[in-house]
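What follows is a short report on a single structure.
Computed from heavy atoms alone, side chains included, the values below leave out hydrogens, waters and symmetry copies. Quantities reported herein were computed from a predicted structural model and do not represent experimental measurements. The chains referred to below are lettered A, B, ... by the order of the sequence lines, with proteins before strands, and numbering in each begins at 1.
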Amino acid sequence: MTEVRTRFAPSPTGFQHLGGFRTAFFAYLLAKKHGGQFLLRIEDTDRERLVPGAIRFIVEELGWLGIQIDEGPSREELKAIGELWDGAPEIGGPCGPYIQSLKLKRYKEVAEELISKGFAYRCDCTPEMLERERAEQMARRELPGYSGYCRTREVSADRPHVVRFKIPQKRALTLNDAVRGRVHWDSIPLRDTVLLKSDGFPTYHLAAMVDDHDMRISHVLRGVEWLSSAPVHLLLYEALGWQPPIFAHFPLVNGTDGKKLSKRSGALNARQVREMGYLPETVLNFVSLIGWAPGEGSNQEIFTRDELIKSFSLEGINQASGVFDATKMAWMNGLYIRNLSVGEFIERCKPYMELAGVQVPAEQFAALAPHVQERVKALTEVAPMLDFLADKPLTREMDSMFQKGIDAPKAREVLNRSLVVLEALPDFTVEAIDQALRGVATELGLKAGPAFGVLRVAVTGKTITPPLFESFAVLGKDTVLSRIRETLDLIPA
RNA sequence: GGCCCCAUCGUCUAGCGGUCUAGGACGCUGGCCUCUCACGCCGGAAACAUGGGUUCGAGUCCCAUUGGGGUCACCA
């Protein structure tokens, strides 16, 4: 096999959801598996849907995910289209520009070539004319589509016009798809599609084929939504006399409604998922398991990036579309968090703690980190679990204290006795606290659960916390005692 | 509607003609552990869409039906 070169070619029209990043990741995996290159190409040919900042979003989130781009827009290219930002990486490469709006001349050249060879023609039908034609077809209950009116007319290049590709209706075609096998058309159910728009910009069909060729892309990985237009692409390669790349049409990722993933169906994008406290390794691992499995009887589903690169293959791609199951991703994130070293865990929590405005002394954080680590499914859950360590007034869920046979007098009793016992401790260690407090419970004829429940709310304010004694030890004797006293004042006598 | 794609537990999937009384994971659920919540461990319920073929034998091959999805733009 010649060099493997794949690409991710998003249009900067908004924030890509995870389905898009999955395609990017698969393309990356295939390239890396074969020691090839992964490129990023910006398909900004739709002037109306451009969203400023979308390119930055894509580049930054790919970076967060650790998907290395071998070739892509240079800073100069970004600057040329007014999308350069501070800290934008210098990517570049030998096949640029990697931004389509920067190579309009090239597309026009190809379009002209197609016209001169008789594969395409100029069409000056106005949108109004096309609209009327469509309406008439609908009225006659015919399939709507361009009639080919301009096929035989000689439209002058001076007039506003588009360039259309002549689609031979009676032409059988077979695509050898890397994931679907042979896909066959007896005839092509498409009308003469536009290659070059009247504003001088190419459509996807022209631009993507030209670029894939120019950039020597070996494998085109894209969603099945492109399968129906694959005949156009095949025909285009044929007309141009170019060798088509290998096509691999991936199954879609659907939302829980069974429909193609979209913002409407609650699709998440990489940034959101990051803000929600997901680890990039979780996202990559999880997303790669939708529509792909290692096969060969393997049950493995936790993969490092390197393992993914090694195991990945187009043969392992499924035909059926999948559903994005956020619950399972949450589980996986918890698993990845638990597998982090404590130091790494603390490090990764930092930005989230800051964002939440929770300041916890490093030593205290370190002491409780292992306990927190096995309790969270997302990094954002850490701050609320540790905010009782912050030097701030506590808000207590007092009602939750009085349960399982604990009334106000009983609670006072627990707190009073604990106060005495804890105060007497020479060393405020986990073991000592453990022993002392269990003693209190026994003494008062209470089970450990309810008794400690009172203390938990009194000292941390919540019902769900890291282990009690550890938390107390970290908090220190003074704070614990004063918080117990505070609580005593809050309980009706 | 035309064309194309798809079809194993609720979800992600293993299975590439016999080893399938269909395996794993998430979720759900019973129990153990236990100071809350988690983690961990043990157990359970849960699927081959339907109908025809082919074959000694079909979850696995073929066809039809049904169901789902995609696409039919001067959007990608």
Side-chain angles (χ1 to χ4, degrees), chain A residues 9-13 43-49 123 125-127 130 134 141-146 160-164 175 177 180 183-191 193-199 201-205 207-208 222-231 249 251-252 254 256 258-260 286 289-302 315 318-332 334-335 338 371-377 385 400 434 437-438 441 447-453 455-457 460 462-469 471:
Chain A
S11 62
T13 53
E43 309 214 327
D44 59 342
T45 56
D46 184 350
R47 313 304 292 158
E48 288 174 18
R49 296 201 308 150
C123 163
C125 293
T126 61
L130 296 174
R134 203 188 329 271
R141 308 205 60 183
E142 287 172 11
L143 291 168
Y146 182 61
H161 65 275
V162 301
V163 175
R164 287 183 185 272
L175 167 71
D177 190 271
R180 267 149 230 285
V183 180
H184 181 80
W185 288 265
D186 283 327
S187 64
I188 301 152
L190 298 168
R191 306 304 181 94
T193 73
V194 173
L195 256 24
L196 204 64
K197 298 184 259 187
S198 55
D199 63 1
F201 280 79
T203 59
Y204 170 88
H205 306 297
R222 29 135 86 151
V224 258
E225 72 259 33
W226 288 109
L227 193 52
S228 331
S229 48
H249 288 96
L252 258 18
N254 294 333
T256 36
K259 297 276 167 63
K260 189 170 152 184
F286 182 72
L289 254 24
I290 306 174
W292 173 84
E296 294 173 357
S298 168
N299 275 336
Q300 183 177 359
E301 53 180 5
I302 301 300
E315 290 70 49
N318 275 111
Q319 320 263 294
S321 54
V323 171
F324 186 92
D325 180 9
T327 313
K328 185 159 182 175
M329 185 166 74
W331 160 79
M332 191 176 281
L335 188 82
R338 270 172 260 137
H371 302 290
V372 175
Q373 209 175 338
E374 65 178 34
R375 260 156 254 262
V376 298
K377 283 192 163 73
M385 192 166 281
S400 53
D434 185 328
L437 259 20
R438 282 185 199 284
K447 291 192 127 183
F452 295 167
L455 286 161
R456 190 183 310 279
V457 174
T460 69
K462 332 171 184 289
T463 53
I464 297 174
T465 70
L468 238 215
F469 315 133
S471 301

Mind checking if [X] touches a base, just sugar-phosphate, or nothing, with heavy atoms under 4.0 Å?
X         : answer
His184(A) : sugar-phosphate
Gly297(A) : sugar-phosphate
Pro466(A) : base
Ser11(A)  : sugar-phosphate
Gly334(A) : nothing
Val162(A) : base
Phe324(A) : nothing
Glu296(A) : sugar-phosphate
Trp185(A) : sugar-phosphate
Thr45(A)  : sugar-phosphate
Ser198(A) : base
Asp434(A) : nothing
Gly295(A) : sugar-phosphate
Leu468(A) : base

Value in whole Å for how far the [atom2] atom of [N] lies from [atom1] of [X]:
X         : N      : atom1 : atom2 : result
Phe452(A) : U36(B) : CZ    : C1'   : 11 Å
Leu252(A) : A7(B)  : CG    : C1'   : 15 Å
Glu315(A) : C16(B) : CD    : P     : 16 Å
Arg375(A) : C39(B) : CZ    : C1'   : 8 Å
Glu301(A) : C26(B) : CD    : P     : 7 Å

Legend entry - Lys377(A) side chain, from C-beta outward: closest of U36(B), G70(B), C39(B): C39(B)
Any strand is fair game: report the nucleotide pairing with [N] by Watson-Crick or G-U wobble, both distances under 3.5 Å, or none.
N      : value
C72(B) : G1(B)
A25(B) : U11(B)
A64(B) : U50(B)

Legend entry - Enclosure of Glu48(A) CD (heavy-atom neighbours >12, cutoff 6.0 Å): no
Inset, instruction - Ignoring hydrogens and angles, answer whether the base of C35(B) and the side-chain atoms of Arg456(A) contain a donor-acceptor pair closer than 3.5 Å. - result: yes
Legend entry - Parallel, tilted or perpendicular: ring planes of Phe286(A) versus Phe324(A), cut at 30 and 60 degrees: perpendicular
Inset, instruction - Without swapping roles, check the side chain of Asp199(A) against the backbone of Phe201(A) for a donor-acceptor pair under 3.5 Å. - result: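 A pair under 3.5 Å: yes.
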